[in-house]
2 protein chains.
Amino acid sequence: MNTSLKVPIPTLERLATYLRFLIDLEASHVETISSTDVERQTGINAAQFRKDLSYFGEFGKPGVGYNVAELQSRIARILEIDQLQPVIVIGAGNLGSALIGYPGLKEHKFEISAAFDSDPGKIGRVQGGLVVQDPSELRIENERIRARIAIICVPAGAAQTVANEAIAAGVRVILNFAPIILKVPDRITVRNVSFLQELAVLSYHLTTEQRK
Amino acid sequence: MNTSLKVPIPTLERLATYLRFLIDLEASHVETISSTDVERQTGINAAQFRKDLSYFGEFGKPGVGYNVAELQSRIARILEIDQLQPVIVIGAGNLGSALIGYPGLKEHKFEISAAFDSDPGKIGRVQGGLVVQDPSELRIENERIRARIAIICVPAGAAQTVANEAIAAGVRVILNFAPIILKVPDRITVRNVSFLQELAVLSYHLTTEQRK
DNA sequence: TAGATTGTTAATCGATTAACAATC
DNA sequence: TAGATTGTTAATCGATTAACAATC
């Protein structure tokens, strides 16, 4: 095994893809799979797959392949998706509501434990079984919930402020949907999701015709 | 200028970030900006910024910097975000509805021109000014709309089928929210957005504590 | 044993960044 | 002219992939 501590981000992203794929395989009662099978079915290079796994140990049997159930549960453990993880959502607009109502999260052990919004018209309302709260409650609420993950779906103008509040409340990683670059301390990890960025890249591809 | 045709994907992603940033600068009446300013305010390396732009031409004046308004409009042109682009949304559940109702899209010249869903309970209903249609209408509808961009927000099980239908209807690039790897012809570009993948990567970061 | 497939090393490829001559 | 900053080349860094000995 590759004892180095530096796991490339692309490797982590693919790990999540493998996990999804393995869950589907298990549902279709496939017991064993080889790295070549993975390549055929996902398009991810077989050597890449093996290399990705090598950061975390040995998972297969030479000449045989990988046990689907075992690999699945070991990847889940690596990604800490084997135990329920509380998450807070800040911003209960269209997107926030969609996330709160998304059943896939719970299936992957992410549980939305609280929702916040500064709109007085939303505070106190119930969404997906949660009462929407004022962001000023964030700190006190999170003493109880102890969420380390926050999802930010507020407009760009409010994002930095709520990010600061979330961090003060003990959040350590942030999934940011606001189209803005958040300034955070080094110890905090942020991942940005931007529909507009995705669409912009696709839009460029339209101009150039071909490309794989 | 770097006449090579191969623009790295990360460069395109950053281009979208620059565009957003420049729009904000323009709103604050900043007229000129240097690559060092960009680094200070976005965290993106100054050389990187200059290199990214170099794929598309010359944009600045040595000793002076870049004209914000001009750079903004030229990047918009490169990404084809200077003219209204029709988009179809397939899947009008929580996420699909959120996208249909997202004003940021129109601001960036993406116009959702049709929405489809196979749920009979949704077909015929109006959402965000659009009548939800049966996916079997996709082909005929798109003869009129001529959208080349489709956003897929159906469950995993239905995603490949609707992708095929979208492609048959003339769609050339796909933004896929379904947690599945779509099989598409080489000429089609797909970008995947996966909340679960994002959360999984963040979840891993929690296990390792530090990291930037 | 022969065939298959792993885990890992080494080679390749591509993206980031530092350095600097050219230019305003 | 002196100072600032560009665009681009070259050096560095990191990720992908091919190759293969080890192993079932």
Side-chain angles (χ1 to χ4, degrees), chain A residues 1-18 22 25 30-68 70-72 74-75 78 197 201 204 211-212, chain B residues 1-18 22 25 30-68 70-72 74-75 78 181 201 204 211-212:
Chain A
M1 127 135 123
N2 197 324
T3 29
S4 114
L5 287 162
K6 277 266 170 66
V7 180
I9 303 277
T11 290
L12 293 172
E13 293 174 349
R14 283 188 298 267
L15 233 46
T17 303
Y18 303 149
L22 290 164
L25 281 182
V30 177
E31 282 184 9
T32 307
I33 192 162
S34 72
S35 58
T36 328
D37 293 336
V38 172
E39 173 160 359
R40 249 191 306 272
Q41 293 180 59
T42 68
I44 297 170
N45 178 285
Q48 174 100 256
F49 175 76
R50 299 199 301 274
K51 175 90 189 191
D52 284 341
L53 294 178
S54 78
Y55 288 100
F56 305 99
E58 306 198 348
F59 298 82
K61 269 214 208 7
V64 179
Y66 303 83
N67 179 282
V68 171
E70 193 208 331
L71 186 56
Q72 194 254 80
R74 287 184 65 188
I75 293 179
I78 291 164
Q197 182 172 297
V201 173
Y204 176 80
R211 180 175 304 248
K212 206 295 94 85
Chain B
M1 126 135 125
N2 198 324
T3 30
S4 113
L5 287 162
K6 278 266 169 66
V7 180
I9 303 277
T11 291
L12 293 173
E13 293 175 349
R14 283 188 298 267
L15 233 46
T17 303
Y18 303 150
L22 290 164
L25 281 182
V30 177
E31 282 186 9
T32 306
I33 192 162
S34 72
S35 58
T36 327
D37 294 336
V38 172
E39 173 159 1
R40 251 193 304 273
Q41 293 179 60
T42 67
I44 298 170
N45 179 286
Q48 175 100 256
F49 174 75
R50 298 199 301 275
K51 175 90 187 193
D52 284 341
L53 294 178
S54 78
Y55 288 100
F56 305 98
E58 308 198 347
F59 298 81
K61 266 213 206 13
V64 180
Y66 302 83
N67 179 282
V68 170
E70 192 208 330
L71 186 55
Q72 193 254 81
R74 286 185 65 188
I75 292 179
I78 290 165
I181 296 166
V201 173
Y204 175 82
R211 181 176 300 251
K212 207 295 90 85

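Nothing here was measured: the structure is a model prediction, and the numbers come from that model.
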(message) From C-beta outward on Ser34(B), which listed nucleotide comes closest to its side chain: dT16(C), dT8(D), dT6(D)?
(response) dT6(D)
(request) Please lay out, stage by stage, how Leu53(A) and Ile75(A) fare under the test side-chain contact (heavy atoms from CB on, under 4.5 Å). (result) CA-CA 9 Å; Leu53(A) 294 178; Ile75(A) 293 179; 4.2 Å; yes
(message) Let's see if you can work this out: which of dC24(D), dC24(C), dC20(C) has an atom nearest to the side-chain heavy atoms of Pro62(A)?
(response) dC24(D)
(request) Round to a whole Å and report the spacing from CD of Glu70(B) to P of dT6(D). (result) 14 Å
(request) Can you tell me the distance, in whole Å, between the CZ atom of Arg14(A) and the P atom of dT16(D)? (result) 4 Å
(message) For dC13(D), give the paired nucleotide (Watson-Crick: N1-N3 plus N6-O4 or O6-N4; G-U: N1-O2 and O6-N3; both under 3.5 Å), or none.
(response) dG14(C)
(request) Using whole Å, report how far CZ of Arg74(A) lies from C1' of dT6(C). (result) 14 Å
(message) Tell me whether the side-chain N/O atoms of Ser54(B) come closer than 4.0 Å to OP1 or OP2 in dG7(D).
(response) no
(message) Are the side chains of Tyr66(A) and Phe49(A) in contact, using a 4.5 Å heavy-atom criterion?
(response) yes
(message) What is the distance, to the nearest angstrom, from the CD atom on Glu39(B) to the C1' atom on dT16(C)?
(response) 12 Å
(message) Counting C-beta onward and ignoring hydrogens, is there a side-chain heavy-atom pair between Thr17(A) and Thr42(A) closer than 4.5 Å?
(response) no
(request) Return the value, rounded to whole Å, for the distance between atom CG of Asp52(A) and atom P of dG14(D). (result) 17 Å
(request) Would you mind reporting whether Val7(B) and Tyr204(A) have side-chain heavy atoms less than 4.5 Å apart? (result) yes
(message) Rounding to an integer number of Å, can you tell me how far Ile9(B) CD1 sits from dT16(C) P?
(response) 12 Å
(request) Rounded off to whole Å, could you give me the CG-to-C1' distance for the Leu15(B) and dA15(C) pair? (result) 16 Å
(request) Please tell me which of the listed nucleotides, dT17(D), dA15(C), dT6(D), lies nearest to the side chain of Pro8(B)? (result) dA15(C)
(message) Base, sugar-phosphate or nothing for Thr11(B)? Non-hydrogen atoms, less than 4.0 Å.
(response) nothing
(request) Among dG7(D), dA15(D), dT8(C), find the nucleotide with the atom closest to the side chain of Tyr66(B). (result) dG7(D)
(request) Return the nucleotide paired to dA22(D): Watson-Crick means purine N1 to pyrimidine N3 with N6-O4 or O6-N4, wobble means G-U with N1-O2 and O6-N3, both under 3.5 Å. (result) dT5(C)
(request) Name the closest nucleotide to the Arg50(A) side chain, picking from dT8(C), dA15(D), dA18(C). (result) dT8(C)
(message) Using a 4.0 Å heavy-atom cut-off, does Thr36(B) contact any base of the nucleic acid, only the sugar-phosphate backbone, or nothing at all?
(response) nothing
(request) Could you work out which one of dT6(C), dT16(C), dT6(D) sits closest to the side chain of Lys51(B)? (result) dT16(C)
(message) Measuring only between side-chain heavy atoms, which start at C-beta, is Tyr18(B) closer than 4.5 Å to Ile44(B)?
(response) yes
(request) Measure from CG on Asn45(A) to P on dT5(C) and round the result to the nearest Å. (result) 16 Å
